[in-house]
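Down below is the structure, laid out as structure tokens.
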Amino acid sequence: AFLSQYPSPMEKHVTAVETVEEKTDSSTGIIYRRRIAKCQNVIPEILRKVTKRNVVKFYKSSISQVSVLKVPDIYMEEESWLNMQKRNMAMKTHCLTWTQYASLSEESVFRESSENPNWTDFTQKGRISVTGAGLLNCVLEAFALSFLKQGVKKGIKIMETLLQEQCG
């Protein structure tokens, strides 16, 4: 239950996804996938400009300021476990970019509803932590929280669209 071709009109920030590992547990039938997603950097330009780090340039023996947020792409790692027997899927996603300054992770579970087997229960939780940006830590965390909340709504809409297309 994921988009197989990128970029997609349903998720314009994801520009590419590569499956780097896929295996099926022969005893349980659980399908494990690990994918790397390349996403557009959505951090507003103003925040990219003001968040700078001192970097030593050894070849010139000088110190200069560079923006650690001013990168065109962000890379995410997603792991998923699909259990067709129990009719559930668990996913964990975390950011591979800026790991020395920020931690961003998300866990999602899709499972058959106990109320109706034709329904899906969806639970999701996420964590955001930014360090090393001084007073901007809170601003960056607030932006990330807002973006993730929008992403949750978009993710649910995408899942509903995909299920409607596949199941009618």
Side-chain angles (χ1 to χ4, degrees), residues 1-25 30-59 63-83 88-110 122-162:
F2 52 84
L3 299 173
S4 59
Q5 194 170 13
Y6 291 92
S8 166
M10 285 193 264
E11 183 49 84
K12 65 181 181 178
H13 298 298
V14 179
T15 57
V17 174
E18 180 181 349
T19 300
V20 292
E21 185 178 0
E22 184 170 345
K23 58 186 175 186
T24 303
D25 185 308
I30 295 174
I31 301 168
Y32 169 80
R33 284 189 185 103
R34 187 167 63 93
R35 304 184 318 154
I36 305 296
K38 178 181 171 185
C39 308
Q40 293 174 344
N41 185 349
V42 296
I43 294 177
E45 191 64 32
I46 187 71
L47 290 178
R48 292 189 210 189
K49 286 181 180 179
V50 297
T51 308
K52 299 205 182 267
R53 279 273 168 246
N54 287 326
V55 175
V56 177
K57 292 185 178 180
F58 292 103
Y59 66 94
I63 297 176
S64 64
Q65 295 255 316
V66 297
S67 176
V68 295
L69 299 179
K70 199 168 180 74
V71 294
D73 302 309
I74 298 168
Y75 292 88
M76 305 290 289
E77 180 180 61
E78 172 193 272
E79 294 180 281
S80 65
W81 297 264
L82 176 61
N83 187 331
N88 68 35
M89 182 173 74
M91 298 172 69
K92 289 185 178 184
T93 306
H94 67 273
C95 188
L96 297 173
T97 307
W98 305 311
T99 55
Q100 68 271 40
Y101 306 108
S103 171
L104 176 77
S105 63
E106 184 178 271
E107 296 179 24
S108 305
V109 177
F110 302 85
F122 169 66
T123 57
Q124 186 174 51
K125 59 183 171 181
R127 271 187 217 111
I128 303 163
S129 174
V130 178
T131 59
L135 297 174
L136 287 177
N137 286 354
C138 292
V139 174
L140 291 168
E141 285 178 1
F143 172 77
L145 178 62
S146 171
F147 185 78
L148 286 178
K149 284 182 178 181
Q150 292 172 10
V152 168
K153 291 175 187 174
K154 186 189 314 180
I156 291 170
K157 185 176 179 178
I158 289 171
M159 187 61 71
E160 288 175 344
T161 301
L162 291 173

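- In this structure, Glu106 CD and Ile128 CD1 are separated by 9.5 Å, a value rounded to the nearest 0.5 Å.
- Partner of Glu77 under the salt bridge (charged side-chain N to carboxylate O under 4.0 Å, His left out) criterion, chosen from Arg35, Lys38, Arg34: Arg34.
- For the atom pair NE2 of His13 and CG of Asn41, the computed distance is 10.5 Å after rounding to the nearest 0.5 Å.
- Taken to the nearest 0.5 Å, the CG atom of Leu82 stands 13.5 Å off from the OH atom of Tyr32.
- We find that Arg33 and Glu22 are joined by a salt bridge, their nearest charged nitrogen and carboxylate oxygen being less than 4.0 Å apart.
- Counting heavy atoms from C-beta outward, His94 and Thr99 have side chains that stay 4.5 Å or more apart.
- Ion pair Glu79/Lys92 not flagged as a salt bridge, since none of the NZ, NE, NH1 or NH2 atoms sits closer than 4.0 Å to an Asp/Glu carboxylate oxygen.
- Under the rule for a salt bridge (charged side-chain N to carboxylate O under 4.0 Å, His left out), Asp25 has no partner lying at least two apart in sequence or in another chain.
- The OG1 atom of Thr19 sits 8.5 Å away from atom CD of Glu78, with the distance rounded to the nearest 0.5 Å.
- In this structure Glu141 satisfies the side chain to side chain donor-acceptor pair (under 3.5 Å) test with no other residue, sequence neighbours excluded.
- Using a 4.5 Å heavy-atom cutoff, the side chains of Trp98 and Val130 are not in contact.
- Rounding to the nearest 0.5 Å places SG of Cys39 at 10.0 Å from CG of Leu96.
- With sequence neighbours excluded, no residue forms a side chain to side chain donor-acceptor pair (under 3.5 Å) with Tyr75.
- Pairing each heavy atom of Leu104 with each of Met76, the nearest pair is CD2-CE, 4.0 Å.
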